[in-house]
Amino acid sequence: HRRFGAVVVRANEDTAIVHQRVDLVGFHGYSPENPSMRAILVAAGRGVAPGTKIGLVPSVDIAPTVLSLLSLPVPAWMEGRPIQAFDASP
């Protein structure tokens, strides 16, 4: 695939590949700002009105949204925030 380099490393399950410098540009190696790296969010159930369109959602907002929809507290250390378009009230 054109997004991958010439070398692919595959480690055994009990092996860690480490590097002294960490660039957080996405686990796939490309910036999450790149439009071709976007994913689709589909949600249904309590708190999600049918037909709701919310636009772009940062991936860091997914976990806080799920916690909120489950009526669980969102830890202060979490970077994201619950998606406001979803109603987390019981």
Side-chain angles (χ1 to χ4, degrees):
H1 192 274
R2 64 183 173 83
R3 288 192 216 160
F4 298 125
V7 177
V8 176
V9 177
R10 181 179 174 274
N12 292 331
E13 191 173 310
D14 60 345
T15 303
I17 299 173
V18 295
H19 190 277
Q20 294 299 323
R21 192 176 116 202
V22 177
D23 292 323
L24 298 176
V25 294
F27 289 108
H28 38 67
Y30 288 82
S31 171
E33 302 302 319
N34 182 340
S36 67
M37 293 292 108
R38 292 185 181 145
I40 296 170
L41 172 64
V42 177
R46 186 191 82 197
V48 182
T52 299
K53 294 184 181 190
I54 57 175
L56 297 177
V57 174
S59 59
V60 296
D61 289 349
I62 301 298
T65 299
V66 171
L67 289 171
S68 180
L69 289 170
L70 293 172
S71 300
L72 296 172
V74 177
W77 56 262
M78 278 195 166
E79 187 177 330
R81 296 290 163 244
I83 298 169
Q84 295 300 310
F86 299 157
D87 180 13
S89 56

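From a predicted model like this one, the values you see are computed outputs, not experimental measurements. Positions are given from 1 along the sequence.
- Nearest heavy atom pair, residue Pro73 against residue Leu67, reads O-CD1, 3.9 Å.
- Note that the CZ atom of Phe86 and the CD1 atom of Ile54 stand 4.0 Å from one another [nearest 0.5 Å].
- Remark: Leu41 CG to Ser59 OG distance equals 11.0 Å, nearest 0.5 Å.
- Hydrophobic clustering (side-chain heavy atoms under 4.5 Å, transitive across Ile, Leu, Val, Met, Phe, Trp, Tyr) groups Trp77 together with Val74.
- Residue Leu56 shares its hydrophobic cluster (ILVMFWY side chains chained together at separations under 4.5 Å) with no other residue.
- Rounded to the nearest 0.5 Å, atoms CG (Asp61) and CD (Gln84) are 9.0 Å apart.
- In this structure, CG on Leu70 lies 10.5 Å from OG1 on Thr65, to the nearest 0.5 angstrom.
- Neither Val60 nor Met78 shares a network with the other; the hydrophobic side chains, linked directly or stepwise wherever heavy atoms of I, L, V, M, F, W or Y lie under 4.5 Å apart, form separate groups for each.
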